[in-house]
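First the structure, in the form of structure tokens, and then the observations on it.
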Amino acid sequence: MSNPFNLEGKVALVTGGNTGLGQGMAVALAEAGADIVVAGRSSAADTGKAVEALGRRFFEVKADFSDPSCVDGVVAETVEKAGSIDILVNNAGIIRRNDAIDFTEDDWDSVMDVNIKSAFFLCQAAAKRMIPAGGGKIINIASMLSFQGGIRVASYTSSKSAIAGLTKLLANEWAAKGINVNAIAPGYFATNNTAALQADEDRNKQILERIPAGRWGDPKDLGGAAVFLASSAADYVQGTVLAVDGGWLAR
Ligand code: NAD
């Protein structure tokens, strides 16, 4: 029987794949056989080395998703360099922390532009290629704050709740067109994004006490979920938000 998790011959575009969770997922997709394109602001040379060491092709596309108008160009360049776009992982994201009472318009807009506006228009630009090609896989990166309120992160919670809703809407519209749209909701992972929480002794202790697995996630822990949702093993999985959280939501 052929391996339903095999991604050989597929091209995956991973936004923000130079570091953290994006890098973990890019390398996992390459391990499963995919060629990788990373789009982002910073050099993804480390990811490139890891992907090429696995015998897969690697390409970089420069992009700043604080300006959502760049997305059509990013998808066009992906196809130009790699030949197709079969998998999109909408991973690039930022967070701003402030009391809601003091939250500024810039704290709001900067997070929404990257985390939801660019993510939506990337889905649209990718789908315009995937539909005529017979289908594809879209994986949006959600959060525990797609389910919970959080604190001092008004725009982040709003953007991640929106990405969960958008994932379901796009699944409804595109499932019959051969595109699987799903999301992964990571729990608490040790990356730049959570550096402030890890450094705060009290918050770090509270977080660890609540995670049944008893540890922060490692970017490698997301690999299995990403490969599954990117593969034909997930052909009948639509609109789901898959928590990879060491049990956080179960508590
Ligand atoms: P990170 O800060 O290490 O990585 C974020 C990535 O997004 C980087 O590659 C960064 O360059 C890129 N990025 C940010 N703004 C960009 C812009 N304007 N243009 C292009 N690229 C941009 O953080 P991470 O933890 O790896 O986060 C990855 C995703 O996972 C984010 O969407 C984040 O919200 C989400 N997430 C993280 C956690 C966690 O615990 N770390 C939990 C839930 C969700």
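Numbering starts at 1 and runs along the sequence shown. These numbers come from the heavy atoms of this one structure, side chains and all, not from hydrogens, waters or symmetry mates. Just follow the structure's listing: the first ligand is 1, and inside any ligand the first atom is 1. Worth saying up front: this structure is predicted, and the values here are computed from it rather than measured.
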By number and element, which atoms of ligand 1 are closer than 4.0 Å to a non-hydrogen atom of T194? 39 (C), 40 (O), 41 (N)
Could you tell me the residue and atom name of the protein heavy atom closest to atom 28 (C) of ligand 1, and the distance to it rounded to 0.1 Å? N91 OD1, 3.1 Å
Return the residue, atom name and 0.1 Å-rounded distance of the protein heavy atom closest to atom 5 (C) of ligand 1. G93 O, 3.7 Å
I'd like to know if [X] contacts ligand 1, where contact means a heavy-atom distance under 4.0 Å to any ligand atom.
X    : result
W216 : no
G24  : no
A142 : yes

Proximity of [X] to ligand 1 by residue part, where a heavy atom lies under 4.0 Å:
X    : result
A190 : neither
L21  : both
K160 : side chain
N193 : both

Under 3.5 Å, is there a donor-acceptor pair linking the side chains of S69 and D67? yes
Does the side chain of D107 come under 3.5 Å of the side chain of T104 through a donor N or O and an acceptor N or O? yes
Salt bridge flag under 4.0 Å for residues K128 and D72: no
How close do E209 and R251 get, counting heavy atoms only, and between which atoms? O-NH1, 2.8 Å
Using the ring of each side chain (for Trp, its six-membered ring), is Y188 parallel, tilted or perpendicular to W216, with breaks at 30° and 60°? perpendicular
Check this for me - ligand 1, T191, N or O atoms closer than 3.5 angstrom, yes or no? yes
I want to know if ligand 1 touches G40 in the polar sense, i.e. an N/O pair below 3.5 angstrom. no
Using atom types as modelled and distance alone, determine if a side-chain donor or acceptor of T194 lies under 3.5 Å from a backbone N or O of F189. yes
Side chain to side chain donor-acceptor pair (under 3.5 Å) filter on S159, not counting sequence neighbours, yields N115
List the atom pairs, with distances to 0.1 Å, where a side-chain N or O of residues 18-30 and a protein N or O form a donor-acceptor pair under 3.5 Å, not counting sequence neighbours.
residue, atom, partner, partner atom, Å
Q23, NE2, N18, O, 3.4
Q23, NE2, T47, OG1, 3.0

